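Keep in mind that what you see is a predicted model, and the values were worked out from it rather than measured. To find a chain, count down the sequence lines: A is the first, B the second, and so on, and within it residues start at 1.
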There are 2 protein chains.
Amino acid sequence: MNYITILQNHNLKVTPQRLEIVDILYKNGHINIDDLYKSLQSKFPSLSLATIYKNINTMCEKLFLSEVKIPHKKNVYELSKKEHSHVICSKCNTIIDINLDISTILNKAKQISKFNLNTSSIVFNGICPNCLDKKENLS
Amino acid sequence: MNYITILQNHNLKVTPQRLEIVDILYKNGHINIDDLYKSLQSKFPSLSLATIYKNINTMCEKLFLSEVKIPHKKNVYELSKKEHSHVICSKCNTIIDINLDISTILNKAKQISKFNLNTSSIVFNGICPNCLDKKENLS
DNA sequence: CTGACTGCAAACGTTTTGCACGGTA
DNA sequence: TACCGTGCAAAACGTTTGCAGTCAG
């Protein structure tokens with residue numbers, strides 16, 4: 001399914017700005033508002049931050065965009081997909097998705113809390129292989 | 001260890017405002033800036049938001065206060081303790097701490113990501129027992 | 001007594017809103 | 001053509017800063 005269809009399926013008009021926003025989200029995976037704005041400037045010099053905010057908000061409402069909160073970082077956005085966890089490098093801020101089987105801890109959490117749980121938000125923090133290499137080279 | 005000692009150990013002067021902030025944090029567990037401000041108004045009618053922000057920030061820097069990011073909610077703050085997970089009710093916003101053994105998924109995450117991971121942030125979302133009861137009474 | 005803390009006001013950065021124009025369907 | 005989306009400017013919001021007066025140690 002391409003971007004055009006995705007937009008149309010959610011009753012959103014297909015504008016060049018929107019197509020590029022979705023394209024950047026698709027290619028980047030996770031991006032914050034500022035970086036998204038910077039990425040769009042070359043193609044749309046007159047594009048305004050207001051447009052980005054309006055689009056991000058409507059896309060989040062339509063649920064095909066998700067907001068991800070990372071401790072001590074700005075919120076990032078990603079195209080919605082099957083629930084997954086995030087791993088972030090505290091040096092270079094690279095974020096990757098990982099699929100974990102969380103059924104065991106989810107059940108444990110239900111049991112302990114007595115809550116009826118449905119969603120989870122899991123972020124691991126550490127250093128990515130790239131930054132680990134750099135560190136070793138320094139010493 | 002009481003609040004006074006905690007503050008002194010971190011080279012912070014013991015002011016009535018600070019004592020009350022720590023007391024509220026201790027009793028509430030998790031609170032956002034606005035609610036903290038409201039809770040303080042009765043005791044300190046002239047207390048300013050700036051004071052709260054300054055205190056929260058210094059206490060976070062001194063690492064005896066932690067910021068918790070909850071999806072689609074304002075950040076909340078809690079007195080630092082051993083790493084733990086959070087469960088939040090999407091109806092009434094009650095937040096509780098739970099201790100889970102996350103070593104299995106942490107190892108799996110390390111293995112998949114090749115990152116050197118150290119901290120994690122885990123939030124489960126659902127409905128608390130209280131709100132579940134209310135729902136049943138309605139039907 | 002001295003440095004740190006408070007409270008006020010102003011400044012700042014981010015996000016939202018209103019409106020006129022332009023583009024999509 | 002009708003409506004939705006864009007871009008600009010202004011407004012709103014949350015947070016930070018500077019400063020003068022006050023308080024804790």
Side-chain angles (χ1 to χ4, degrees), chain A residues 2-25 31-62 64-77, chain B residues 2-25 31-62 64-77:
Chain A
N2 60 27
Y3 312 150
I4 298 181
T5 320
I6 296 179
L7 291 172
Q8 286 171 340
N9 284 351
H10 291 86
N11 300 312
L12 297 178
K13 298 209 163 167
V14 178
T15 67
Q17 291 89 337
R18 274 197 184 138
L19 273 179
E20 186 67 13
I21 290 175
V22 178
D23 190 51
I24 290 174
L25 283 164
I31 196 164
N32 65 40
I33 298 286
D34 277 356
D35 291 343
L36 182 57
Y37 184 50
K38 284 175 202 148
S39 304
L40 287 160
Q41 299 233 313
S42 53
K43 207 162 200 166
F44 302 97
S46 66
L47 179 131
S48 80
L49 261 174
T51 300
I52 294 185
Y53 279 109
K54 284 171 190 166
N55 275 312
I56 293 293
N57 287 342
T58 54
M59 288 157 83
C60 282
E61 280 157 25
K62 304 277 185 177
F64 74 95
L65 197 65
S66 308
E67 191 182 74
V68 183
K69 292 200 169 193
I70 311 276
H72 310 112
K73 308 281 176 189
K74 292 180 189 167
N75 294 346
V76 297
Y77 297 87
Chain B
N2 60 27
Y3 313 149
I4 297 181
T5 320
I6 296 179
L7 291 172
Q8 286 170 342
N9 284 351
H10 291 86
N11 300 313
L12 297 178
K13 299 209 164 169
V14 179
T15 67
Q17 292 89 337
R18 271 195 188 139
L19 272 180
E20 186 67 12
I21 289 175
V22 178
D23 189 50
I24 290 174
L25 283 163
I31 196 163
N32 67 39
I33 298 287
D34 278 356
D35 291 343
L36 182 56
Y37 184 51
K38 283 174 203 151
S39 304
L40 288 160
Q41 299 234 313
S42 53
K43 208 161 196 167
F44 303 97
S46 66
L47 178 130
S48 79
L49 260 174
T51 301
I52 294 186
Y53 279 109
K54 284 170 191 167
N55 275 312
I56 293 293
N57 288 341
T58 53
M59 287 158 84
C60 281
E61 280 157 25
K62 304 277 187 178
F64 74 95
L65 197 65
S66 308
E67 190 182 74
V68 183
K69 291 200 168 193
I70 311 276
H72 310 112
K73 307 280 175 191
K74 292 179 190 168
N75 294 346
V76 297
Y77 298 86

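Atom CZ in A:Phe44 sits about 18 Å away from atom C1' in D:dC8, given to the nearest Å. In this entry the distance linking NE2 of A:His10 with C1' of D:dG5 reads 18 Å, nearest Å. Put simply, CG on A:Leu40 is 14 Å from C1' on D:dG7, counting in whole angstrom units. Straight-line distance from the CD atom of A:Gln8 to the P atom of D:dG5: 13 Å, rounded to whole Å. In this structure, A:Ile56 places its CD1 atom 15 Å from C1' of C:dT16, rounding to the nearest Å. If you take CD of B:Gln41 and P of C:dG7, they are 11 Å apart, rounded to a whole angstrom. Rounding to whole angstrom units, CD1 of residue A:Ile21 and C1' of D:dG5 are separated by 11 Å. Nucleotide D:dT17 holds its C1' atom 17 Å from the CD1 atom of B:Ile52, rounded to whole Å.
Nearest-nucleotide positions on DNA chain D place A:Ser46 closer to the 5' end than the other of A:Ser46 and B:Leu12.
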Each nucleotide N or O in nucleotides 22-24 of chain D that has a protein N or O under 3.5 Å away: list the pair and distance.
from   : atom 1 : to      : atom 2 : distance (Å)
D:dA24 : N3     : B:Lys13 : NZ     : 3.4

Distances under 3.5 Å only, N/O to N/O: pair up the protein atoms with those of nucleotides 18-21 of chain C.
from   : atom 1 : to      : atom 2 : distance (Å)
C:dG18 : O6     : A:Lys54 : NZ     : 3.1

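Within the structure, a side-chain polar atom (N or O) of A:Gln17 is placed less than 4.0 Å from OP1 or OP2 of D:dG7. Taking side-chain N and O atoms only, B:Asn57 has a distance below 4.0 Å to OP1 or OP2 of D:dT16. Note on B:Ser48: every side-chain N or O is 4.0 Å or more away from OP1 and OP2 of C:dC8. Phosphate contact (OP1/OP2 of C:dA25, side-chain N/O of A:Asn11, threshold under 4.0 Å): absent.
No donor-acceptor pair under 3.5 Å is formed between the side chain of B:Arg18 and the backbone N or O of B:Asn55. Judged purely by atom type and a 3.5 angstrom limit, B:Lys74 has no side-chain atom pairing as donor or acceptor with the backbone of B:Asn32. In this structure a side-chain-to-backbone donor-acceptor pair under 3.5 Å is missing from B:Lys69 to A:Lys69.
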Handout entry: Chi angles and distances behind the side-chain contact (heavy atoms from CB on, under 4.5 Å) call for A:Ile21, A:Thr51
Key = CA-CA 11 Å; A:Ile21 290 175; A:Thr51 300; 5.6 Å; no
Practice task
Kindly indicate, with the supporting measurements, whether the criterion side-chain contact (heavy atoms from CB on, under 4.5 Å) is fulfilled by B:Tyr3 and B:Val14.
Solution key: CA-CA 9 Å; B:Tyr3 313 149; B:Val14 179; over 6 Å; no
Practice task
Carefully, step by step, assess A:Met59 and A:Val22 under the rule side-chain contact (heavy atoms from CB on, under 4.5 Å).
Solution key: CA-CA 10 Å; A:Met59 288 157 83; A:Val22 178; 3.5 Å; yes
Exercise for the section: Please report the C-alpha distance between A:Gln17 and A:Leu40 in whole Å, then the side-chain angles of each, then the deciding distance to 0.1 Å, and finally whether the side-chain contact (heavy atoms from CB on, under 4.5 Å) criterion is met. Expected result: CA-CA 8 Å; A:Gln17 291 89 337; A:Leu40 287 160; over 6 Å; no
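B:Lys54 is not listed as a side-chain neighbour of B:Asn57, based on a closest heavy-atom distance of 4.5 Å or more. With a 4.5 Å cut-off on side-chain heavy atoms, A:Thr15 and A:Leu7 do not count as touching.
Within a heavy-atom distance below 4.0 Å of DNA chain D, no residue of residues 67-75 of chain A is found.
The listed nucleotides are D:dT6, D:dT16, C:dT14; the one nearest the side chain of A:Asp34 is C:dT14.
The NE2 atom of A:His72 sits 12.0 Å away from the CD1 atom of A:Ile70 when rounded to the nearest 0.5 Å.
Here the shortest heavy-atom pairing between B:Tyr37 and B:Leu47 reads CE1-O, 3.5 Å. Between B:His10 and B:Lys62, the shortest heavy-atom distance links the atoms O-NZ, 3.1 Å.
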